Number of protein chains: 2
Amino acid sequence: MVTLQDIALAVGVTPTTVANALKGRGNVSEATRQRILKCAEELRYRPNMLARSLAQGKTYTLGFLLPTIANPFYPEIAEAVERTANQHGYQMLLCNTLYDSALGQQHLDRLISRWIDGVIIMGSSMDISAASMPFQQGLPTVLCDWQEDEVVGNFPQVSVDFRTAGRIAAQHLLDLGHHHLAIIVDEPQQTLRLEGFCSALQTAGLPLATEMIEQGHSTLESGYAAAQRLLALPTRPTAIFATTDWMALGTIEATLDAGLQVPQDLSVIGLDDIAISAHIRPPLTTVAVPKFQLAKEATELLFGLIDETPDLPLSRLIEPTLVIRRSTTAHTTDD
Amino acid sequence: MVTLQDIALAVGVTPTTVANALKGRGNVSEATRQRILKCAEELRYRPNMLARSLAQGKTYTLGFLLPTIANPFYPEIAEAVERTANQHGYQMLLCNTLYDSALGQQHLDRLISRWIDGVIIMGSSMDISAASMPFQQGLPTVLCDWQEDEVVGNFPQVSVDFRTAGRIAAQHLLDLGHHHLAIIVDEPQQTLRLEGFCSALQTAGLPLATEMIEQGHSTLESGYAAAQRLLALPTRPTAIFATTDWMALGTIEATLDAGLQVPQDLSVIGLDDIAISAHIRPPLTTVAVPKFQLAKEATELLFGLIDETPDLPLSRLIEPTLVIRRSTTAHTTDD
DNA sequence: GTGAAAGCGCTAACAA
DNA sequence: TTGTTAGCGCTTTCAC
C-alpha cells in the first residue's frame, strides 16, 4: 500500500503538504500540487480510511440491524438506507439478528468497537433494553419501525402508526359487511396492530372473540398454519387480517389448499405491501407501510443526529394507507 | 471512550500489561490479571477496532456486492454470507451496485480504502473488468454466481452451471411434449442459460426461432411485458422458460391477465427457486439454484484466501436441480 | 512478570 | 507556501 509518506518522498515534500494538496486545501502552490496529484495517480495512492478514522474519530460507517434480510419486508428498506448512506459518503454494515437479542447485542458491541458513526435498529431485531444500549453510549441511534409506545424513553425513532393500521384493516372489513373477523398476529411485537383492530371492532359493537386471535411468527409458514386453525373452527371467520403480508400470503395459500376461494369464501387483508403482494392471485388487499419513506426519514434523522443538527424533531410517525386489491370482497351470503 | 491507557493508569501498570491480560497471553500474574479484568469491566472498556486494525493490518470486515438486495434472489444469500462471516468474527458491508459498474467501482474503491479483508462480488453487479480490480490489488476476492466462462482469468469463483440449468429447463419441457417453446432472458448476463436451452432444443431437432427469444431485465415487470409480447405472437408458444423466477412470476401474471390458464394453456418454468415460488398459484416449476450452498462455498473460499490456505481449489461449479411443481404440464392438444 | 519504545497512516495545530 | 510536532489507540518487539 502506498502512503502519503511515499508520495512525499517521491515528490520531495512532506506528508502534510501532500495531504493538503490532495484535500484541495488552499495553501499549496499550483506547481507542487500538480506534481503531487500526478505522483499520487501514478502510484495509485488510496487514502487509508483506518488511519483517517482513527485520527478524526469518524468512520463514515453506519450499522443497520434487522431481524433477517430474508423476510421480504426488509430488502427494500435496506436498499434505500444503503443508497442514502452512500450519497453521504457512508457505507453500511448489515447485521441480521435472527430475532435473537443476544446476537443483536453482540452485533452492537462490535459496531461500537468499530466506532461507527451511527446505527439504525429495526423493530423486532431485539428487545428494547438491548436496543437502548448504543443510545446510552452516546452513539447516534435511530429506532425504525418499532411499536411507538414500546419506546419509553424519548429515543429518536421513525415508526408507523400501527394502531391506525389495525383500525384501517378492521374498518375495511366492516365496511364490506363482514361480521366474523379473525386476526393472525405475531405477539407481542405486533400488539399495536391487534389493539387497533380490536378497538375498531369494539366500536362497531363486534368485539373480537379470543378464539379468533391466532399467533403467527413472521413467516409465511406460520401464517399458513394459523389460517388452517382458524378455518377449522366450528364457525369459521369470513375475513382474516394477517398483520404482515408475508403471513397473509400463507393465509391465502392455506385457504386455497382447503378448497376455498379467496375472496368469495374468505376475505384476506395484509399489512406491509411487500413487492410480491400486487402480483399474486388474488392480488392482496393490504394496509401499506410507506417503506421508502420509512427508510428515508430514518436515515435523514440519523444524519441529523450525527451532524448534531439543532432543533431536530426526534420522533416521527408515519401513516399507513389502505390499498384495495382483490383478496377482499363484500360479505353477501346468509348471516 | 476508555482506552488501555485509562485502565493502565487506574490499575497502576502499563498499557502493554493490560493488553496482555485482556488477550489472555500467558505472561501476567493471576493477581494483576484479576485487577485488570475487574477494572476493565467497571470502566466498560471496549477495544478500539480501528486502532487494532491499523496496527495489525486486519479489519475483520468483508464486502458483499450485489446488484440490488431488493431482487428476491439475493436476500437469502446475503443472510447466509453475513451469518458465516459473523461466525468468523467478521462483519459485512453490504453494497448495492444497482447494476451500475461505475457505482460498483466506487464501492470497491471505498472498500479498499477501508482495508477490508476480502470481498464477494455477485454476478450482474458490474462488468468483469471492474470486478477484477480488487483481485489485481491483491485483495482476496471471490466472484459468486457469474457466468463461468465470462471469468477469463482464473479468479476464484463459485458459480452455478447455468448451461446445464438451461438444458434441464428445455429437457423438462420437451419431456412434457412441448414443441413450441420460448425463452425470456436477460442478455448478455444470462447468455449461458440461453445457450443451454438452445442446445438442448437443437439436439431435439427443434431449434429455437428468433422471435421466441424475448429480452427481460431482471424485474417481474419486465417478465410480464416480455410474456405479453410472446402471447401476442401469431403462433404463441405452449411453454415459456423465464431465466429467473422473478421474471417467471411476471410471466404467469401476464398469462392469467390475458385470460389464459397456467399450465393448461401455457407451461411456465423458472430458474432460481426463490422463496415465494412454492407458494403462488400455480406453484412454480423451476430449476433450483442451491443458494445456501452458493453462499456457504463462496464465503468459505473467501476465508480460505484470507487465511492463505494452501491447495485451495479456486473454482467451484454448483449443479442446479429441477423442482417440478404445478406451473408446467404435458402438452396434449392438437399439434 | 512487566515495561519502554516504536510504529501503523493519517490529521491538526502551530511554527517557520 | 511549507514543515514540524504530536497524537489517535492499539500491537509488537525487545529489554529489564
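Every chain is numbered from 1 and lettered A, B, ... according to where its sequence line falls, protein lines coming before strand lines. Every value quoted in this text rests on a predicted model; they were computed, and no experiment measured them.
Within the nucleic acid shown, B:T14 comes within 4.0 Å of at least one base atom, counting heavy atoms only. Using a 4.0 Å heavy-atom distance criterion, B:T32 is classed as a sugar-phosphate-only contact. Residue contacts for B:P47: at a heavy-atom cut-off of 4.0 Å it reaches the sugar-phosphate backbone alone, with no base atom in range.
Among the nucleotides C:dT11, C:dG1, C:dG9, the one closest to the side chain of A:A51 is C:dG9. Ranking C:dG3, C:dG1, D:dG9 by closeness to the B:N48 side chain, first place goes to D:dG9. With C:dT11, D:dG9, C:dT2 as the choices, the nucleotide that has an atom nearest any side-chain atom of B:V28 turns out to be C:dT2. Of the candidate nucleotides C:dT11, D:dG9, D:dT11, D:dT11 has the atom nearest to the side chain of B:K23. Among the nucleotides D:dG3, D:dG9, D:dC8, the one closest to the side chain of A:A55 is D:dC8. Between D:dT11, C:dG9, C:dG3, one nucleotide has an atom nearer to the side chain of B:V13 than all others, and that is C:dG3.
One can place CG of A:N20 at 10 Å from P of D:dG3, the figure rounded to the nearest angstrom. D:dT11 atom P lies 14 Å from atom NZ of B:K58, rounded to whole Å. Counting to the nearest Å, the P atom of C:dG9 and the CG atom of A:L22 are 16 Å from each other. For the pair B:L54 CG and C:dT11 P, the computed distance is 12 Å after rounding to whole Å. Atom P of nucleotide C:dC10 and atom CH2 of B:W115 are separated by 8 Å, given to the nearest angstrom. Separating the CD atom of A:Q56 from the P atom of C:dG9 is a distance of 17 Å, rounded to the nearest angstrom. Between the CZ atom of A:R52 and the P atom of C:dC8 there is a distance of 18 Å, given to the nearest Å. Rounded to whole Å, atom C1' of D:dC10 lies 13 Å from atom OH of B:Y60.
Between B:F303 and B:H88, the ring planes are parallel. Angles under 30° get that label, and only those over 60° would be called perpendicular.
A:T97 places no side-chain N or O within donor-acceptor distance of the main-chain N or O of A:G104, the cut-off being under 3.5 Å. In terms of modelled atom types and a separation under 3.5 Å, the side chain of B:D117 and the main chain of B:T59 share a donor-acceptor contact. Side chain of B:T84 to backbone of B:A80: a donor-acceptor contact under 3.5 angstrom is found.
Judged by the 6.0 Å distance and 45° axis criteria, A:K296 is not positioned over the aromatic ring of A:F292.
Heavy-atom nearest nucleotides on DNA chain C were determined for B:T16 and for A:V2, and the one closer to the 5' end corresponds to B:T16.
Only the P atoms considered, D:dT5 is 15 Å distant from C:dA6, to the nearest whole Å.
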